[in-house]
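Worksheet: the structure to be examined is printed underneath.
Because the structure is a prediction, the values reported are computed rather than measured. Chain letters run A, B, ... following the sequence lines, proteins first, then strands; residues in each count from 1.
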Amino acid sequence: MSELAAQGWLGDWAAQFLDPRKRLYWGYLASAFLIALAWMVLLRRERPASAVRKLLSRDIWCSPSARADYAIFLINTILMGSIVPRLLGHAAVAAFCFSLLHGLFEGRASLLPAAPAWAIAAGFTLVLFVLDDLARYVIHRLMHRLPVLWAFHKVHHSATRLNPLTVLRTHPVEGVLFALRGALVQGLCIGVFVYAFGDRVSLVMVLGANAVKLVFNVLGANLRHSEVPIRYWPWLEKIFLSPAQHQVHHSVERRHHDRNFGVVLSCWDRLFGTFHHSEPDQALRYGLGNSVAEPHSLHTLYLAPFRESAMHIARLLVPGSRARPRAPLAQSDQSSKASHSMKPIRTLKFYSVLAVTLASVAAFPPPLLAADMVNIYSARKEELILPLLERFREETGIGFRLVTGKADGLLKRIEIEGEATPADVFITVDAGRLQRAKQAGILQPVENAVIEERIPAHLRDVDNQWFGLSRRARVIFYARDRVDPSELSTYEDLANEKWRGRLCIRSSNNIYNQSLVASMIAHLGEEATEEWARGLVANFARNPAGGDTDQLLALAAGQCDITLVNTYYFGRMLNSSDESERAAGEGIGVFWPNQDGRGAHVNVSGAGITRHTRHLEAAQALLEFLVNDESQAWYAEVNNEYPVVPGAEVSDTLRSFGEFQSDTLNLTVLGENNTAALQLMDRAGWR
Amino acid sequence: MKSTNYIAASLLGALACGSPAWADVYGPFPITLKGYDGDKTDSTAYTGQAARQLLHNSLKKLAAQGDGSNAEAIKAQMMMYFAGKDEGREILDPQSKDGFTVAQTMVDEISKGNELKSKAYGGLVNGWPGKMTSAEVLEFMIDKAAATSGGFDPLTGYDYQQLISKFAMGAVFYNQGVDNYLDEGLARDNKPNDQPYSEGRHYTGKEHVWDEAFGYFGAPAHALTLDAEQAYGIAKGADMSVADYDKDGKVDLYREMTYAHGYYAADADKSGTNYLHTIVRAFLDGRNLITSAAGEALTDAQHAELMGYADVIKSNWEKVIAEAAFKYAGSVYKDLQKLQIIIESNGDATEAFRDYTKHWGELKGFAMALEAGGKDLGDVGVRMNRLIGYGPVLLGGGQVTGIDDSGNYVTGGDQDMGNYMVHMLKLQHLLGESFALEGRKNDATEEMDGLVESLGEGLAAEND
């Protein structure tokens with residue numbers, strides 16, 4: 001066992017110098033040596049032999065500090081070999097993020113499908129590098145800030161002579177934190193990128209190593225831990241940390257404390273106020289000061305940090321405790337770093353997006369051929385339709401089976417089920433979708449005098465294949481404190497440059513926006529609508545994101561001044577059980593556009609009878625029921641919508657929005673113009 | 001008499017060992033049964049199993065032949081291959097085609113009076129609703145399949161051709177192989193090697209037990225002379241020259257064909273694993289060991305060695321099935337991804353949905369097969385069944401959740417397609433870890449593993 005273990009350790013030790021993915025790869029050490037030599041000879045005018053003697057000085061390489069570095073390197077490699085495999089790994093974090101995203105965004109995304117693999121690889125490599133560098137900065141700064149962690153990080157700072165192996169002079173506890181940091185940051189990157197870009201993601205590699213890290217290493221990363229004070233031009237030090245800047249980080253001088261925490265990029269230090277230029281002819285003393293008795297003994301390096309850290313924890317747990325760290329590394333100049341104040345660090349915030357849960361689906365035996373039965377496929381949630389269906393059953397004695405699901409999926413499902421479909425009635429939202437159902441051939445024309453009489457012609461299909469059941473208007477909402485309603489007038493006016501950077505709106509993927517644009521095409525023609533869309537896009541306060549409620553929240557939060565949203569979203573907000581949402585709603589006003597002209601754009605939720613229904617009479621009875629006054633009032637109220645039947649009661653909330661004139665364009669046109677609308681929005685740059 | 005047979009066995013054994021080609025072929029093996037004085041010279045016999053392989057192949061073919069109006073007729077035909085013993089059953093698959101001639105056209109030409117139903121796993125099937133035994137599940141599926149058009153039910157997403165085939169392979173072949181012949185069949189006092197398998201047979205108890213297990217696995221006798229591509233290609237009728245080992249111009253459906261799990265082992269091996277050869281090598285080594293006992297009861301040492309070969313076969317056979325389930329979980333994941341894009345762009349989802357349900361049927365069939373080996377998979381089985389559910393998630397959401405008293409499916413639940421993709425990821429992880437899979441075809445998280453590898457984060461505690 002011992003022989004095998006020794007062989008394994010030997011391999012692990014050797015790997016540090018033979019693997020181009022490691023900082024101490026012989027090639028990087030050689031490049032660092034050559035860079036240092038060139039710098040000393042060419043810039044410092046030293047004789048080559050003298051320069052070599054200095055670089056290989058026994059005072060550095062055989063110092064007690066260096067000997068401790070070597071011992072730590074040998075011991076840690078063995079220790080970490082048994083610890084790291086037991087820690088949370090990159091793969092586990094990546095898999096977790098990957099899975100989580102499926103839940104958050106309902107499936108798998110495929111972003112930028114046309115982007116070439118090399119561009120994705122370059123993006124991945126760059127993002128990984130930047131995030132990793134930032135995470136290193138954050139953790140490093142915490143190591144100095146928190147006494148509990150400083151106890152361990154001190155081991156690294158106890159080096160009194162710097163050589164490239166000092167990079168591995170690290171307490172194993174700190175090693176564990178570094179491993180976890182790597183797993184979290186890199187796992188997150190991998191999970192997110194693979195989720196979004198699939199097999200186009202790869203790491204840009206040179207010689208089997210991350211290309212960015214390779215460049216960093218070839219350009220003398222090992223000189224950071226050396227006594228060769230290579231400086232960069234001041235402008236370059238503001239971008240990349242020079243070896244001399246990192247040496248400043250190791251300096252015992254108080255004015256150098258808590259400076260230059262970064263690794264490659266110095267922007268983090270500049271951003272968070274810890275940046276420090278290197279100094280000309282700097283002759284620095286390294287370590288923790290004179291108070292440390294035996295800074296290089298293994299006992300001090302490995303065990304003392306535990307004791308000191310435990311003391312800090314004890315003090316935290318028992319305020320007033322007199323326990324004071326008495327470990328040899330405790331009282332030093334450097335230890336004061338731990339008490340330095342620190343500005344709050346901006347950590348990454350992960351936003352949660354609520355996954356829409358499908359409503360549960362009622363029992364569904366296939367041969368539902370009983371005459372007193374109707375089968376409904378509904379894209380509206382169960383709670384928004386079920387009470388009405390139960391009432392229908394009570395009044396007519398006709399039973400029902402309800403399947404609820406996502407609108408577009410249900411439409412495809414009826415298409416695929418073909419003649420076998422049990423669906424008799426299809427309920428969905430937006431005239432654009434209803435028209436898609438008609439175009440897909442899953443609906444049939446219905447001749448029914450009651451329905452035709454009650455639903456105005458413009459709110460049903462020209463061939464009576466679908467009928468509106470409730471109306472919603474897509475109108476302007478504005479921040480009461482920043483917009484005077486007299487400034488508002490029409491949809492067309494939203495393209496006016498007075499709204500530059502003031503408009504929030506959701507993306508062009510959304511059917512509500514597509515239908516609005518389809519209506520504009522019908523009224524203004526394609527050319528004028530495209531020009532309008534361009535003006536609108538120019539006025540965006542931010543890239544389109546989120547749903548309608550998010551636009552209202554953005555408005556309330558001051559991210560924009562006006563938005564276009566369906567009325568029921570505002571109704572929901574005002575009736576929300578969440579107090580903050582209700583409060584946000586109070587600062588928002590509704591404006592009915594185009595009241596002197598064609599009226600506000602309206603759309604519908606609606607229903608049609610399927611082409612292959614086996615319960616035509618029952619299905620018609622259901623539609624008749626849904627357009628009676630009582631149903632209309634209830635259905636509109638629970639959805640915060642307007643009834644389609646003139647004269648049916650409107651809820652108090654909607655009444656508070658005021659009266660309005662609505663556009664009477666036949667909604668069939670919205671579906672017919674859908675493709676043109678989509679193409680137009682794309683051309684206008686509406687993402 | 002005894003010594004004569006022993007000498008004959010030794011001579012044949014030596015002959016077999018002296019010929020490199022036949023050393024890698026399963027059979028013929030000499031007669032070792034003591035007291036046998038008939039004229040047989042080959043003790044190898046798994047014709048009943050080969051006949052059942054053909055019954056399964058034919059049943060699968062029939063499962064897709066309904067047109068929505070011929071349910072009774074199709075069901076009667078399917079039942080004939082599933083539960084009947086009548087003579088005169090035609091081999092519906094494989095049949096001769098251009099460049100690939102098979103030697104038999106009727107099942108009876110290989111063995112008479114065989115059926116699948118009575119050989120199916122007798123325990124309850126947890127992965128299918130209705131608390132039925134595997135024979136009941138298969139009969140239920142046959143009934144439903146006969147009423148569909150092309151074996152596919154668009155209302156539930158069930159592809160019965162795949163479900164019936166993959167589950168029958170598990171419930172009959174895998175179960176008989178690992179739970180019967182390589183388990184109870186190998187018990188010391190069961191079918192001993194110093195007795196004929198049954199009265200009047202020319203092979204010993206252990207010889208035949210071992211042969212039967214081999215027959216259920218479905219590899220051609222000369223599998224060790226073939227690479228994975230070739231063994232796979234035989235089942236597809238791709239290359240007559242590699243199938244026709246005895247060069248008689250025809251593919252013998254008894255000894256030269258690749259069936260069922262033999263086919264799926266070869267399929268996995270095309271990507272670098274070595275299941276087919278590992279399993280067939282263990283079968284061959286075990287059979288040679290039994291032959292070397294020369295009709296005597298196995299010694300303790302011989303029995304222990306034989307059990308070792310059986311363990312190799314059983315564990316690798318299980319992996320073959322788990323690899324297939326893993327692969328199809330990946331296919332289902334990719335199909336869902338494709339469907340999502342089609343639905344979002346209002347495209348035609350018909351074909352993509354059909355692909356998805358076909359792959360789901362294969363996944364489900366293999367997952368149910370894993371539980372039909374007679375081994376309690378414990379929480380792995382429970383988790384696997386919960387992740388897959390009783391049916392594919394339908395467009396818009398929901399899936400089959402049960403069967404009502406009339407035998408009709410009940411659909412519902414709040415499962416949506418996005419969440420079901422996560423289930424497939426978790427399922428691949430579960431299968432990969434639980435069965436220590438190496439092949440991992442269609443691994444949905446493969447890219448991530450590659451990236452983790454390329455980062456090369458290692459053992460060093462490197463400071464900043």
Side-chain angles (χ1 to χ4, degrees), chain A residues 12 16 19 21-23 76-77 80-81 84 90-91 94-95 98-99 102-103 106-108 110 136 140 156 167-170 172 174-175 178 182 186 190-191 194 198-199 201 203 205 210 263 357-358 360-367 403 405-406 408-410 412-413 416-418 420 422 436, chain B residues 68 149 153-156 333-334 336-337 339-344 346-350 353-354 394-398 401-402 404 406 408-422 425-426 429 444-452 454-464:
Chain A
D12 292 342
Q16 295 296 328
D19 184 346
R21 291 176 298 188
K22 306 291 179 197
R23 174 85 70 90
N76 276 5
T77 306
M80 297 308 285
V84 169
H90 298 60
F98 187 65
S99 291
H102 283 77
E106 300 169 24
R108 178 84 180 263
S110 180
R136 284 170 188 268
H140 191 182
H156 182 61
V167 77
L168 299 182
R169 183 186 180 112
T170 302
E174 202 182 2
F178 291 158
Q186 293 162 1
I190 291 172
V194 171
D199 58 8
V201 183
L203 191 67
M205 310 239 284
N210 180 340
V263 181
T357 309
L358 279 180
S360 59
V361 181
F364 213 123
V403 169
K406 293 196 192 322
D408 297 324
L410 279 183
K412 293 290 159 200
R413 181 149 147 200
I416 284 170
E417 289 175 346
R436 277 183 193 168
Chain B
S149 179
D153 175 10
L155 301 189
T156 55
Y333 176 88
K334 286 180 187 165
L336 283 166
Q337 198 179 350
L339 274 168
Q340 194 187 3
I341 293 167
I342 291 172
I343 290 171
E344 278 170 10
N346 192 28
D348 184 353
T350 315
F353 184 71
R354 190 67 191 84
L394 301 168
L395 302 188
T401 55
D404 68 14
S406 314
N408 296 313
Y409 292 112
V410 176
T411 60
D414 56 2
Q415 188 65 263
D416 68 30
M417 293 166 69
N419 194 39
Y420 200 54
M421 290 174 81
V422 178
L425 296 176
K426 288 180 176 171
H429 181 74
T445 58
E446 183 178 34
E447 300 102 337
M448 292 196 291
D449 296 338
L451 287 169
V452 169
S454 63
L455 283 170
E457 292 298 315
L459 310 176
E462 188 179 294
N463 220 301
D464 297 316

For [X], which atoms come within 4.5 Å of any heavy atom of chain B: side chain, backbone, both, or neither?
X      : value
A/V167 : both
A/E174 : side chain
A/R23  : both
A/V201 : both

Max heavy-atom pair count under 4.5 Å with chain A, selected residue of B/Q340, B/E446, B/M421: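 Looking at each option in turn, the highest pair count goes to B/Q340.
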For chain A, which candidate among B/L339, B/I343, B/L336 shows the most heavy-atom pairs at distances under 4.5 Å?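 Result: the option with the highest number of such pairs is B/I343.
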Could you go step by step and tell me if A/K412 and B/N346 meet the side chain to side chain contact (heavy atoms under 4.5 Å, CB included) rule? CA-CA 8 Å; A/K412 293 290 159 200; B/N346 192 28; 3.1 Å; yes
Is there a side-chain contact between A/I190 and A/F98, using heavy atoms and a 4.5 Å cut-off?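 Not touching, per the 4.5 Å side-chain cut-off.
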If every non-hydrogen atom of B/D153 is compared with every non-hydrogen atom of B/L155, which pair is closest and at what distance?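 So the two residues come closest at OD1-N, 2.9 Å.
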Using the rule given for side chain to side chain contact (heavy atoms under 4.5 Å, CB included), can you reason through A/L410 versus A/V403, listing the C-alpha separation, both sets of side-chain angles and the distance that settles it, and then say yes or no? CA-CA 9 Å; A/L410 279 183; A/V403 169; 4.2 Å; yes
Highest number of heavy-atom pairs under 4.5 Å with chain B: which of A/D408, A/N210, A/V263, A/L203?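 Going by pairs under 4.5 Å, I would pick A/L203.
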NE2 on A/H140 to CZ on A/F178, rounded to 0.5 Å: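 Here the interatomic distance stands at 7.0 Å.
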Is chain A contacted by the side chain of B/Y333, its backbone, both, or neither, given a heavy-atom distance below 4.5 Å?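 For B/Y333, the contact with chain A is made by the side chain alone.
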Under the criterion side chain to side chain contact (heavy atoms under 4.5 Å, CB included), I'd like the reasoning laid out for A/I416 against B/R354: C-alpha separation, chi angles, the key distance, then a yes or no. CA-CA 9 Å; A/I416 284 170; B/R354 190 67 191 84; over 6 Å; no
